Amino acid sequence: MMKLQDILNRTDARVVHGSDNIEVSGMTSSSRDVKTGFVFFALKGVKIDGHIFITDAIKAGAAAIVCTEIPKEIPENIAVVVTHNNNETYAQAAANWFGNPSSQLHLVGVTGTNGKTTTATLLFELFNKSGIKSGLISTIRYIVPGKEYPATHTTPDALVLNRMLREMADAECEYCFMEVSSHSVVQGRIHGLQFKGGIFTNLTHDHLDYHGTFAEYLRAKQLFFDHLPASAFALYNDDDPNGKVMVQHSKAKCCSYALNRPADFKTKIIHNAITGLGLSINGTEAWFKLVGRFNAYNLTAIFGTAILCGMQIEEVLVTLSALDEVDGRFNVIRSESGITGVIDYAHTPDALKNVLSTIEEVNEGNGDIITVAGAGGDRDKTKRPLMGQMMARYSQKVIITSDNPRTEDPETIINEVKNGIDASEMKKVICITDRREAIKTACMLAKKGDIILVAGKGHETYQEINGVRNHFNDAEQLNEFLKM
């Protein structure tokens, strides 16, 4: 139980009906989860306005309503609270409800278009293997010591987020590494959290279906760094043209990392092969199991973060060099017939370019590169032809297939991807809607020395068609057909 006024501490909320001195038993933004004595937050979402569920929340036993628009009819025994930004009020209230757990551990956020999952996950593994108890909030999974939850969002709902941070603090975690999505920033999900540091990986074409323009997408990422306190650090990729822009208004201690220019954390690639990377980071050489130039950036960001958090150089490099790649991120499968398969989550034009150019670089046998990929439904449509363009540019054979079409017609998506491919390159392109058949076809076309890239879904174990998720795992399919 907690007083309503304490839940609303550090918000602009004001009571317009009833009292804020009442005891409440819980809080939620879903009317279906309301129980007797709860506070219901009527949030305005992209598709649904929570205000239409206020009556349902009251019937379910809500003791208080937090909203931006005062209801016309208010029962006498209900407290009504008005706020200008209900998303931020909800997030701060969630932090208050759980005792502001982010202040009781070191919270490090990772944002950018690509590389967030690898960076956050390997930081989590690095710190835990170094004896520093840590938690993880990522696109793939949420990990509290002794528990693991499947991820629902890259950055979860504020109530879920603070509940997990509370669990981490109670388990005496010193750190939590979390991915910070652009959606979570503009929707106020991370409002009220206290960060020790933030990492910027890169910024490329994505999520324009939500943000509208690239400038707004950039601004969403930038807001995260704008709100970091002076006690935090901001580590940015200075090779990315938006790196300095990202931190230009930040009060945090700003540090850079790069491969192409002088930086606080500078890396040089010594060796890049399908078996791993040889790097010199700030003058110290080490070998890593991860593959590709894009992973050289991820490893440098991880190294820089660990040093900024007080770890020793030798300890970081020894432990980091023993870590495997993250699930669904450039996972290599080798067949007895000499064909190599690669599973990767790449689902943006730049991510595809990074993965395919890496395969081209490490393709020592000069075999054909066969790419199997598509684009997700109900998401940014403007990137689809660019995805096709990247597939054709770097591959000798292209099979455009279905990703997660969700509620869209998969063949329409495939045609939009195909529209980005020049007519002169169409002879290398096949369109196969059934993803399983597409992967099977790639394996049948491949010969010894060839490399098959299956991109877009990575770690996912389902395919969503017409709102229904059916079991589907790219790695399982590729392993099955490579053995034929």
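Just so we're clear, the structure is a prediction, and the values are computed from it rather than from any experiment.
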**Prompt:** What about F225 and Y236, are their ring centers closer than 6.0 Å?
**Reply:** no
**Item:** pair M178-T155: side-chain heavy atoms closer than 4.5 Å
**Value:** yes
**Prompt:** Quick check: does any side chain N or O of D264 sit under 3.5 Å from a backbone N or O of S256, one acting as donor and the other as acceptor?
**Reply:** yes
**Request:** Look at atom NZ of K253 and say whether more than 12 heavy atoms of other residues, nucleotides or ligands are closer to it than 6.0 Å.
**Result:** no
**Prompt:** Can you find a pair of side-chain heavy atoms, one from H153 and one from R189, that are under 4.5 Å apart?
**Reply:** yes
**Message:** Main chain of M246, side chain of K221: is a donor-acceptor contact present, judged purely on distance under 3.5 Å?
**Reply:** no
**Request:** Answer yes or no: is there a donor N or O on one side and an acceptor on the other, between the side chain of S184 and the main chain of V180, under 3.5 Å?
**Result:** no
**Prompt:** Going from CD1 on I343 to CG on L478, what distance comes out if it is rounded to the nearest 0.5 angstrom?
**Reply:** 4.5 Å
**Request:** Evaluate the side-chain proximity of T118 to T201: yes if any heavy-atom separation is below 4.5 Å, no if none is.
**Result:** no
**Message:** Does any part of the side chain of D20, heavy atoms only, come nearer than 4.5 Å to the side chain of V81, both counted from C-beta?
**Reply:** no
**Request:** Enumerate the residue pairs fulfilling salt bridge (Lys or Arg N to Asp or Glu O under 4.0 Å) with a member in residues 150-179, sequence neighbours excluded, ordered by first and then second residue.
**Result:** K147-E167, R166-D170
**Request:** Would you check if the side chain of R329 reaches a backbone N or O of T117 as a donor-acceptor pair within less than 3.5 Å?
**Result:** no
**Prompt:** Distance-only, no hydrogens or angles: does the T300 side chain make a donor-acceptor pair with backbone N or O of I281 under 3.5 Å?
**Reply:** no
**Prompt:** Taking the side chain from E325 and the backbone from V291, do they hold a donor-acceptor pair closer than 3.5 Å?
**Reply:** no
**Prompt:** Considering all heavy atoms of both residues, which atom of F233 and which atom of C309 are nearest to each other, and what is their separation?
**Reply:** CE2-SG, 3.9 Å
**Asked** What residues, two or more places apart in sequence or in another chain, satisfy salt bridge (charged side-chain N to carboxylate O under 4.0 Å, His left out) together with D344?
**Response** none
**Item:** Parallel, tilted or perpendicular: rings of F330 and F294 (30°, 60°)
**Value:** tilted
**Prompt:** Which atom names give the shortest non-hydrogen contact between A95 and N162, and what distance separates them?
**Reply:** CA-OD1, 3.3 Å
**Asked** How far does CD1 of I439 sit from OG1 of T401, to the nearest 0.5 angstrom?
**Response** 7.5 Å
**Message:** For a 4.5 angstrom cut-off between non-hydrogen side-chain atoms, does I313 reach N282?
**Reply:** no
**Prompt:** Do you know which two heavy atoms are closest between A151 and T139, and how far apart they sit?
**Reply:** CB-O, 3.1 Å
**Prompt:** Quick one: does S134's side chain have a donor or acceptor within less than 3.5 Å of a partner on N128's backbone?
**Reply:** no
**Closest non-hydrogen atom pair, A57 against V34** = O-CG1, 3.5 Å
**Request:** Show your working on side-chain contact (heavy atoms from CB on, under 4.5 Å) between V454 and R435 and close with a plain yes or no.
**Result:** CA-CA 10 Å; V454 182; R435 192 173 180 90; 3.8 Å; yes
**Request:** Determine the minimum heavy-atom distance between F224 and I199, stating which atoms define it.
**Result:** CE2-N, 4.5 Å
**Prompt:** For atom CD1 of I48, is the number of surrounding heavy atoms from other residues, nucleotides or ligands below 6.0 Å larger than 12?
**Reply:** no
**Request:** Go through the side-chain N and O atoms of N86 and T68 and say whether any donor and acceptor fall under 3.5 Å apart.
**Result:** no
**Side-chain donor or acceptor of N202 paired with backbone N/O of N237 under 3.5 Å** = no
**K3 vs E23, side-chain contact (heavy atoms from CB on, under 4.5 Å): CA-CA, chis, key distance, verdict** = CA-CA 4 Å; K3 289 284 183 72; E23 294 274 358; 3.4 Å; yes
**Item:** Atom pair CD1/CD of I78 and E73 - distance to nearest 0.5 Å
**Value:** 13.0 Å
**Request:** Measure from the side-chain N and O atoms of S130 to the backbone N and O of I132, and report whether any donor-acceptor pair falls under 3.5 Å.
**Result:** no
**Complete:** In terms of heavy-atom contacts, H51 and C67 come closest through NE2-CB, 3.4 Å
**Asked** Among pairs that include at least one residue of residues 87-114, which meet ring-ring contact (aromatic ring centres under 6.0 Å, His included), considering only residues two or more places apart or in two chains?
**Response** F41-Y90, H106-Y175
**Prompt:** Can you tell me if Q92 and N96 form a side-chain donor-acceptor pair at under 3.5 Å?
**Reply:** yes
**Asked** Under 6.0 Å from the CD atom of E148, do we count more than 12 heavy atoms belonging to anything else shown?
**Response** yes
**Asked** Got a salt bridge between D239 and K266, using NZ or NE/NH1/NH2 to carboxylate O under 4.0 Å?
**Response** no
**Asked** Looking at CD1 of I7 and CE of M27, how far apart are the two atoms once the value is rounded to the nearest 0.5 Å?
**Response** 7.0 Å
**Request:** May I have the step-by-step check of salt bridge (charged side-chain N to carboxylate O under 4.0 Å, His left out) for R219 and D226, ending in yes or no?
**Result:** CA-CA 10 Å; R219 181 59 186 151; D226 288 355; 2.8 Å; yes
**Heavy-atom check, side chain of K244 versus side chain of Q248, under 4.5 Å** = no
**Asked** How many angstroms lie between atom CG of D403 and atom CZ of F472, to the nearest 0.5 angstrom?
**Response** 10.0 Å
**Complete:** Output for pair (L235 CG, L308 CG), nearest 0.5 Å, gives 6.0 Å
**Prompt:** N100 and R10: side-chain contact (heavy atoms from CB on, under 4.5 Å), yes or no, with the steps?
**Reply:** CA-CA 12 Å; N100 294 291; R10 295 194 295 276; 2.9 Å; yes
**Message:** Less than 4.5 Å apart, side chain to side chain, heavy atoms only: is that true for T119 and T305?
**Reply:** no
**Message:** With no hydrogens and no angle check, just 3.5 Å: does a side-chain donor-acceptor pair link N9 and D6?
**Reply:** no
**Message:** Suppose the criterion is ring-ring contact (aromatic ring centres under 6.0 Å, His included): which pairs have a residue in residues 53-72, not counting sequence neighbours?
**Reply:** none
**Request:** Step by step, work out the side-chain contact (heavy atoms from CB on, under 4.5 Å) result for H471 and E476.
**Result:** CA-CA 11 Å; H471 178 78; E476 289 176 1; 3.0 Å; yes
**Prompt:** So does K129 have more than 12 non-hydrogen atoms from other groups sitting under 6.0 Å from NZ?
**Reply:** no
**Message:** Applying side chain to side chain donor-acceptor pair (under 3.5 Å), can you list everything that pairs with E460, at least two apart in sequence or on another chain?
**Reply:** N404, K457
**Message:** Quick one, T371 and L356 - any side-chain contact, counting heavy atoms below 4.5 Å?
**Reply:** yes
**Message:** Surrounding CD of Q312 (heavy atoms of other residues, nucleotides or ligands, distance under 6.0 Å), is the total greater than 12?
**Reply:** no
**Item:** Salt bridge flag under 4.0 Å for residues R384 and E408
**Value:** yes
**Asked** Between the main-chain N or O of N242 and the side-chain N or O of D240, is there a donor-acceptor pair closer than 3.5 Å?
**Response** yes
**Item:** For F200, all residues meeting ring-ring contact (aromatic ring centres under 6.0 Å, His included), sequence neighbours excluded
**Value:** none
